Amino acid sequence: MPALASTTRLLILAGYSLPSQKLKFLPVSVSTWRHSVRFFSRVAKEHQGPLTLASLGFSSQLEATTGSTGKRSNVENSVKLTRSPVDRPRSIATPVVKTRGSVDDIELAPFSAKSFSELGLPPLLIERLESEGFKVPTDVQSAAIPTILKDHDVVIQSYTGSGKTLAYLLPILSRIGPLKDANSTLKSKDDGGGKRKNDIEAVIVAPSRELGMQIVREVENILGPENKRAVQQLVGGANRSRQEEALKKNKPVIVVGTPGRIAEISAAGKLHTHGCRFLVLDEVDELLSFNFREAMRRILDHVGRKSERRTVLVSATVPFAVIRAARSWSDDPVLVQAKKVTPLELVPPSGPVDSTQPASDSNPSASQSLPPSLKHYYSVVKLQHKVDALRRCVHAMDAKCVIAFMNHTKQLKDVVYKLEARGLNAAELHGDLGKLGRSTIMKKFKNGELRVLVTNELSARGLDIPECDLVVNLDLPTDSVHYAHRAGRTGRLGRKGIVVTICEESQVFVVRKMEKQLGVAIHSCEFTEGKFVIDGEEKEESTMDGVSGSSDMVQQACST
Ligand SMILES: Nc1ncnc2c1ncn2[C@@H]1O[C@H](COP(=O)(O)OP(=O)(O)OP(=O)(O)O)[C@@H](O)[C@H]1O
């Protein structure tokens with residue numbers, strides 16, 4: 001083994017259950033670069049001797065003998081390096097990093113760990129999960145939950161609809177709030193640390209009201225109706241004084257909100273986050289944008305020291321700016337992906353590239369963000385026929401729940417009128433509508449009263465409408481990252497989904513460029529006489545039965 005340590009190309013992820021020391025990842029070579037398989041070895045910082053199977057964590061009963069040091073020493077005083085399923089979820093025990101793109105693999109076996117109990121979550125939480133119908137964790141949950149439970153700061157990157165929200169919520173809820181692990185060894189700061197009564201223990205920030213509310217609903221569902229008050233929404237557009245009153249009266253442990261509103265209430269002295277133990281920035285790459293800069297600064301300045309809280313950054317797209325932010329806002333963070341945990345210091349400046357993919361024009365932050373079950377098409381039409389093409393597309397696909405994206409708010413209404421005039425139930429959704437209007441439209445869309453939601457970038461991030469079977473780009477997205485987030489509103493959690501970009505002839509080169517950057521095929525198609533026709537193919541089909549994928553059209557669209 002010592003001879004293997006000379007090259008850093010092939011690495012083993014091992015020693016995963018060495019949690020209590022401040023761990024360091026040492027790259028260890030076990031084979032040649034040509035095999036393109038990465039492993040990572042996590043070795044205790046102190047352990048700089050020759051590398052052995054034991055030092056890599058493959059010993060079945062090795063006792064960690066050194067005392068704990070640093071912040072993570074508070075977590076557990078002595079830890080056994082076991083390979084029990086609780087300590088080591090299957091996805092992490094498997095050191096091989098699989099190549100992306102094996103659609104069958106993902107569709108047939110989207111989950112790695114067999115149950116949530118394998119991940120070390122407390123019984124109360126598991127009971128609640130089961131009663132809500134969550135039985136098997138997704139790959140990213142299998143990787144992220146134990147990593148956060150082992151007290152690591154993380155950047156979570158995984159494709160849209162892969163379950164990132166629960167991947168961070170569950171470890172948080174197992175540490176704080178009414179369902180927390182009664183035997184948790186993580187000392188709360190009020191056990192002598194001087195935590196004040198009204199201090200919030202977890203702050204979750206999201207870039208839009210819809211996403212903020214969606215996260216609140218997810219927390220409430222898991223907590224159950226009797227514990228709803230443990231979480232408080234602080235989203236913009238809602239009544240601020242009511243939010244402030246609720247903070248005072250209910251003393252929630254978790255707040256979820258948009259940056260502006262959280263910063264506002266914090267500046268007014270009504271929100272105390274200095275004792276915060278978890279800070280989550282969901283859709284973090286969006287939160288880094290200029291619009292949120294001031295509010296984010298305020299929030300980060302008031303959530304205590306990074307060494308005293310866990311910081312979780314989340315997005316389907318992780319450009320290098322996020323890695324940089326993680327280095328400055330978190331303490332020794334790791335990048336968690338579906339089947340891989342990588343120390344941030346090993347992430348190259350080009351972003352978290354999957355080395356198993358060919359280096360091309362691909363945009364690393366976008367190319368791993370699309371669910372493999374999605375199929376992509378484009379259709380060329382004249383500008384004045386775009387809305388009609390959308391209507392024909394919806395009918396030809398027999399799509400039931402459609403999100404159509406445009407770039408400018410002003411044009412949304414016109415499109416809605418045109419669709420309604422042709423008998424399609426449609427509505428617009430954008431930031432200029434009030435909170436009530438927005439939530440009414442979302443409700444109608446979710447319960448099937450509306451067939452087409454015409455919207456702008458507001459709805460591209462995080463929105464989870466599992467029934468959405470078709471996304472249409474009525475305007476081209478500005479880049480491949482925006483394409484990825486829009487496209488990700490369909491094909492959630494292994495479901496089939498179709499994305500159609502309607503564009504002019506002069507814009508086809510942009511589609512081709514995004515195709516390369518995203519590393520997916522975007523086929524040309526047409527909608528004629530109520531039928532969906534893929535150019536260059538003889539087959540043509542005319543129906544769609546949504547996510548079940550049993551119709552001929554879906555079979556064709558999804559198997560091309
Ligand atoms: N283990 C699970 N079993 C079944 N359903 C799950 C599981 N985990 C999450 N889900 C469901 O999968 C859907 C997608 O999850 P989520 O919104 O967290 O995805 P995401 O990765 O955050 O997507 P995006 O990048 O678009 O924000 C949700 O409806 C969620 O309730």
Side-chain angles (χ1 to χ4, degrees), residues 89-91 106 109-119 121 125-126 128-145 154-173 204-208 210-222 256 280-287 312-318 322 336-338 365-366 368-374 401 403 405 442 446 457-469 471 481-495 497 499 547:
R90 279 177 34 198
S91 63
I106 306 275
F111 307 122
S112 270
K114 279 187 191 137
S115 69
F116 282 104
S117 53
E118 280 181 48
L119 304 177
L121 295 170
L125 193 50
I126 289 169
R128 285 293 315 146
L129 279 171
E130 280 179 0
S131 68
E132 289 301 312
F134 298 111
K135 299 210 161 59
V136 185
T138 65
D139 280 351
V140 72
Q141 290 163 2
S142 295
I145 292 169
V154 295
V155 177
I156 302 177
Q157 187 277 324
S158 174
Y159 55 76
T160 52
S162 57
K164 294 186 289 296
T165 317
L166 285 183
Y168 66 75
L169 282 183
L170 296 180
I172 293 177
L173 292 175
I204 301 175
V205 191
S208 73
E210 280 74 14
L211 182 54
M213 292 307 298
Q214 186 178 292
I215 298 168
V216 170
R217 277 194 299 274
E218 199 139 0
V219 181
E220 287 176 345
N221 283 347
I222 301 296
V256 184
V280 179
L281 307 182
D282 202 339
E283 303 294 345
V284 58
D285 50 333
E286 179 72 7
L287 291 174
V312 178
L313 310 185
V314 188
S315 184
T317 47
V318 173
V322 168
V336 175
Q337 292 167 295
S365 104
Q368 296 170 60
S369 53
L370 286 168
S373 53
L374 279 192
C401 188
I403 304 183
F405 284 100
M442 283 304 289
K446 282 181 180 173
E457 228 50 46
L458 171 84
S459 311
R461 292 252 181 186
L463 281 201
D464 180 52
I465 300 158
E467 299 77 19
C468 175
D469 49 8
V471 161
V481 168
H482 286 82
Y483 182 100
H485 284 281
R486 287 180 176 190
R489 293 321 100 209
T490 182
R492 315 273 300 162
L493 206 77
R495 292 177 178 86
V499 186
V547 294

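For ligands, and for the atoms within them, numbers begin at 1 and follow the listed sequence. Bear in mind the structure is a predicted one, so any value in this text is a computation, not a measurement.
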Which option, Y168, F134, Y159, owns the non-hydrogen atom nearest atom 7 (C) of ligand 1? F134
Using distance alone, decide if ligand 1 has a nitrogen or oxygen within less than 3.5 Å of any nitrogen or oxygen in T165. yes
Within the side chain of R486, is there an N or O that forms a donor-acceptor pair under 3.5 Å with the backbone of V471? no
Just one of R492, Q214, R217 clears the side chain to side chain donor-acceptor pair (under 3.5 Å) bar with D464, so which one? R492
Heavy-atom nearest option to atom 26 (O) of ligand 1, drawn from H485, K164, R492: R492
Among V314, T317, L493, T138, closest by any non-hydrogen atom to atom 11 (C) of ligand 1: L493
With no hydrogens and no angle check, is any side-chain donor or acceptor of K446 less than 3.5 Å from a backbone partner on P466? no
If you apply the rule side-chain contact (heavy atoms from CB on, under 4.5 Å), what do you find for L125 with F116, and how did you get there? CA-CA 9 Å; L125 193 50; F116 282 104; over 6 Å; no
Contact region, P137 to ligand 1, non-hydrogen atoms below 4.0 Å, reads backbone
Pairing of R461 and D285 as salt bridge, 4.0 angstrom limit: yes
Out of curiosity, is E218 lining ligand 1, as in a heavy atom under 4.0 Å away? yes
At less than 4.0 angstrom from any non-hydrogen atom of V136, what atoms of ligand 1 do you find? 1 (N), 2 (C), 3 (N)
For S162, counting its heavy atoms only, list the atoms of ligand 1 lying under 4.0 Å from any of them. 19 (O), 20 (P), 21 (O)
If the contact criterion is a heavy-atom separation under 4.0 Å, does S158 count as touching ligand 1? no
Is there a side-chain contact (heavy atoms from CB on, under 4.5 Å) between E286 and H485? Walk through the geometry before answering. CA-CA 11 Å; E286 179 72 7; H485 284 281; over 6 Å; no
Under 4.0 angstrom from ligand 1, any heavy atom of E283? yes
Test log, rule side-chain contact (heavy atoms from CB on, under 4.5 Å), inputs L166 and I222: CA-CA 10 Å; L166 285 183; I222 301 296; 4.1 Å; yes
Is it the case that ligand 1 has an N or O less than 3.5 angstrom from some N or O of G163? yes
I465 and C401: which non-hydrogen atoms are nearest, and at how many Å? CG2-SG, 4.1 Å
Check whether any heavy atom of R461 sits under 4.0 Å from an atom of ligand 1. no
Quick check: does any side chain N or O of S369 sit under 3.5 Å from a backbone N or O of T317, one acting as donor and the other as acceptor? no
I want to confirm something. Looking only at heavy atoms, which of G161, A316, S369 is nearest to atom 24 (P) of ligand 1? G161
F116 neighbourhood, listing ligand 1 atoms whose heavy-atom distance to it stays under 4.0 Å: 1 (N)
Close N or O approach (R489, ligand 1; < 3.5 Å): yes
Which heavy-atom pair separates V256 from G212 by the least distance, and what is that distance? CG1-O, 3.6 Å
Any heavy atom of G488 closer to ligand 1 than 4.0 angstrom? no
